[in-house]
There are 2 protein chains.
Amino acid sequence: MEPIRKAALVKATIVEIGRAGSLDVTVSQIAKRAGMSSALAHHYFGAKEDMFLAAMRHILSLYGAEVRGALAAAGEGPEARLHAIVRASFSPGNFRREAVGAWLNFYVLAQTVPEARRLLAVYQRRLRSNLLACLRPLVAGRAETVAASLGALIDGVYLREALKEGQPDSAAAVAAVVDFVAAELGKTQTK
Amino acid sequence: MEPIRKAALVKATIVEIGRAGSLDVTVSQIAKRAGMSSALAHHYFGAKEDMFLAAMRHILSLYGAEVRGALAAAGEGPEARLHAIVRASFSPGNFRREAVGAWLNFYVLAQTVPEARRLLAVYQRRLRSNLLACLRPLVAGRAETVAASLGALIDGVYLREALKEGQPDSAAAVAAVVDFVAAELGKTQTK
DNA sequence: AAGTTTATTGACTCGTCAATCAACAAAAAG
DNA sequence: CTTTTTGTTGATTGACGAGTCAATAAACTT
């Protein structure tokens, strides 16, 4: 039972954060959505914060899996692999209300909860390392710098696309980042 | 009295959000820090959310003033003006705990509170227009695209610098963005 | 001076919520 | 079949907090 209940709670936590748009969700709401009493939620997770952290781990692992899958499906060319990472980062699923809510609130959580900050750092390192592998063959010496900027650009574009009025547009987000890469590769042509 | 009290409450709101790292601050805390009773805070602002929005307006107007000042001090060259905007965006003051807390939580607020979303949109449009003015002489046809990416990059770099473990480094943030601009201008050389 | 508006607060209402606990059920172990 | 472990909940506790209100004081108006 334990793993089933925990998984249900994690999913419900993410949904509720998405609905509320904040971490201001009660354990009862989460438990109810997961089909159990609040007491049971407390039984499996000690405290509410533990639920948040588990939810964060889940979101990050989903994203990680998405990127891994995209890379596996992509061919061998560095450009193609780079493109795959970017597309995975901006997949429509990542712009669903729950996902946006989760990410934004995890940023907030990372300010004060060390474990949340650590998890975020892990995500950023993984993204960076994936980007580096693609970039080294393309820009050699400047790979480190470009990877750092590219990572930040992905976060920034995501933020803007997620918060703009109107529906987010995955394709536009991808295009913006691809354009940056093109510039870094020295081709001014947007293609 | 009214404007004095309101100003004190706005300042106190920002400080308390920074301390808590979230919008989970009580009106009493804010009022106490502002040197008055919670009833008085409710008297001047109707509800807590109004205090948050006033605080957001204040943060945004501070940032706007900073950019305006930097532009006034900068010369006439588009590159210099661009650099001024970037430096103002990453001034050490913007990395103080209160400022970071305010920005991150305003992003969260923008998900659900239309007025917050609107304010954020205003900030983004202003930044975009400032960037465009500098970019048009430099990259002509691609100015719109570059301005959009540059705006997102600034947000993304800020986010990462603010949340990384260790103290944020304004200079590094500026350097990352400047490097991007250099690439967009077609100069591969990092300087 | 009497009246009116503004400033200010302590006390209160009404609600919420995290966390605990005792109790019950049901499965596993012996 | 009885004991222990695991699953489960309703009820409760204890605390906190947003917003209201009546009352007091102080400052202007006429």
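Residue numbering restarts at 1 for every chain, and letters A, B, ... go by the order of the sequence lines. Below, all heavy atoms of this structure are taken into account, side chains as well, without hydrogens, waters or symmetry copies.
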Expected output is a numbered-order residue list: members of residues 29-50 of chain A with a heavy atom under 4.0 Å from any atom of DNA chain D. What is it? A:M36, A:S37, A:A39, A:L40, A:H43, A:Y44
Is any NZ, NE, NH1 or NH2 atom of the basic residue among B:R128 and B:E144 found under 4.0 Å from an Asp or Glu carboxylate oxygen of the other? yes
In terms of side-chain geometry, is the basic nitrogen of B:R117 or A:E165 positioned less than 4.0 Å from the acidic oxygen of its partner? no
Chain B vs DNA chain D, heavy-atom contacts under 4.0 Å, first-to-last nucleotide span, 5' to 3', is D:dG17 to D:dC21
Side-chain ion pair, B:R118 and B:E115, N-O less than 4.0 Å: yes
Check A:E98 with A:R19, please: is the shortest side-chain N to carboxylate O separation under 4.0 Å? no
Looking at the rings of A:Y107 and B:W103, which for Trp means the six-membered one, are their centres under 6.0 Å apart? no
Has the side chain of A:N94 got a donor or acceptor atom that lies under 3.5 Å from a matching backbone atom of A:A88? yes
Using a 4.5 Å cut-off on heavy atoms from C-beta on, say whether the side chain of A:T13 contacts that of A:H58. no
Donor-acceptor under 3.5 Å (A:R33 side chain, A:V15 main chain): no
Ionic contact status for A:D169 with A:K164, cut-off 4.0 Å: no
I'd like to know whether A:F95 forms a ring-ring contact (aromatic ring centres under 6.0 Å, His included) with A:Y158, so could you lay out the CA-CA distance, the side-chain angles of the two residues, the decisive distance to 0.1 Å, and finally the verdict. CA-CA 8 Å; A:F95 287 110; A:Y158 177 78; 5.0 Å; yes
Between residues 3-27 of chain B and DNA chain C, which residues have a heavy-atom gap below 4.0 Å? B:R5
